[in-house]
Amino acid sequence: LMLEHGMPMVEHVLTRMALTEFGEGGPQTTIEKLIEQAQQDRIEAPPFKDGTFGPAVQQTEAEALAERHAVSDNWSRVGIDVKDPHRDPFAAATSAMQVLKLLRLDQAIADVQRRIFAADQAGEDLRPLQELMLRYQHMKRDVQTGAFLEWGADSDAQAA
């Protein structure tokens with residue numbers, strides 16, 4: 001979607017997503033290259049497609065175009081309305097960001113749960129981990145309700 005819709009879509013996504021929220025390897029490298037292009041105020045798709053940026057980026061771009069990783073209808077069960085990228089690309093990007101953020105938060109929550117268990121077994125102070133868990137749970141609520149969409153707008157307002 002970012003390659004197809006250029007700067008407006010890149011700004012929509014990258015003002016609301018951190019590089020680390022994208023998968024390691026090809027996805028992160030692809031985003032790094034998009035950031036480099038955005039800093040020069042131009043988004044050009046050919047280098048992503050023709051291998052100029054390397055095989056990992058080319059494979060990531062090809063997989064995205066092939067839509068091999070379609071979002072499951074099960075997301076609607078947790079209140080996420082998955083959008084058709086051909087009808088409303090910005091809504092589809094928002095939906096994809098929401099899914100990705102929730103996956104990353106679920107991974108972080110599971111990690112903190114393991115750390116709390118280990119700390120409890122070792123008799124360590126649990127408060128810092130419990131506070132971290134609470135922050136992650138608040139973030140998850142914000143993502144589920146769509147509040148993360150305002151994050152980029154808040155950043156823009158603060159910078160002005």
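If you chain together hydrophobic residues whose side chains sit under 4.5 Å apart, Ile35 and Met2 fall into the same group. The hydrophobic clustering, which links ILVMFWY residues whose side-chain heavy atoms are closer than 4.5 Å, places Leu3 and Leu19 together. Under the 4.5 Å side-chain heavy-atom criterion for ILVMFWY residues, a single connected hydrophobic cluster contains both Met7 and Leu14.
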Trace of the side chain to side chain contact (heavy atoms under 4.5 Å, CB included) decision for Met17 with Ile31: CA-CA 10 Å; Met17 297 287 294; Ile31 297 304; over 6 Å; no
Audit row: Tyr136, Val112, side chain to side chain contact (heavy atoms under 4.5 Å, CB included) steps and yes/no: CA-CA 9 Å; Tyr136 285 156; Val112 172; 3.5 Å; yes
Start with the C-alpha distance between Glu4 and Met9, add both sets of side-chain angles, then the distance that settles side chain to side chain contact (heavy atoms under 4.5 Å, CB included), and finish with yes or no. CA-CA 8 Å; Glu4 185 177 332; Met9 183 65 74; over 6 Å; no
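Distance alone, capped at 3.5 Å, is enough to place a donor-acceptor pair between the Arg16 side chain and the His12 backbone. Within the 3.5 Å criterion, the main-chain N or O of Gly25 finds no donor-acceptor partner in the side chain of Gln28. Remark: the backbone N or O of Ala91 is not paired with any side-chain donor or acceptor of Ser95 at under 3.5 angstrom. Without hydrogens or angle criteria, Gln58 side chain to Phe53 main chain gives no donor-acceptor distance under 3.5 Å. Checked by atom type and distance alone, the side chain of Glu21 never pairs as donor or acceptor with a backbone atom of Arg104 at under 3.5 Å.
For the atom pair Glu63 CD and Thr30 OG1, the distance stands at 9.5 Å (nearest 0.5 Å). Taken to the nearest 0.5 Å, the NZ atom of Lys101 stands 10.5 Å off from the CG atom of Asp142. How far CD1 of Ile109 is from CZ of Arg114: 11.5 Å, rounded to the nearest 0.5 Å. Thr145 contributes atom OG1, which lies 7.0 Å from atom CZ of Arg141 (distance to the nearest 0.5 angstrom). Here the CG-CD distance, from Leu132 to Gln137, works out to 10.0 Å after rounding to the nearest 0.5 Å. Atom CE of residue Met97 and atom CG of residue Leu1 lie 10.0 Å apart, to the nearest 0.5 angstrom.
Contact between Glu44 and Gln37 at its shortest, heavy atoms only, is N-OE1, 2.8 Å. Taking both residues in full, the closest heavy atoms of Val57 and Gly26 are given as CG2-O, 4.4 Å, listed atom of the first, atom of the second, then distance. Residues Leu126 and Ala119 come closest through the heavy atom pair CD2-CB, 3.5 Å.
Side-chain contact between Phe148 and Thr94 is present, with at least one heavy-atom pair separated by less than 4.5 Å. Two residues are said to be in side-chain contact when any heavy atoms from C-beta on lie closer than 4.5 Å; Phe90 and Val13 fail this criterion.
Other residues, nucleotides and ligands contribute only 12 or fewer heavy atoms inside 6.0 Å of the CZ atom of Arg127.
Within the structure, salt bridge (charged side-chain N to carboxylate O under 4.0 Å, His left out) pairs that include any residue of residues 23-35 comprise Lys33-Glu36 (at least two apart or interchain).
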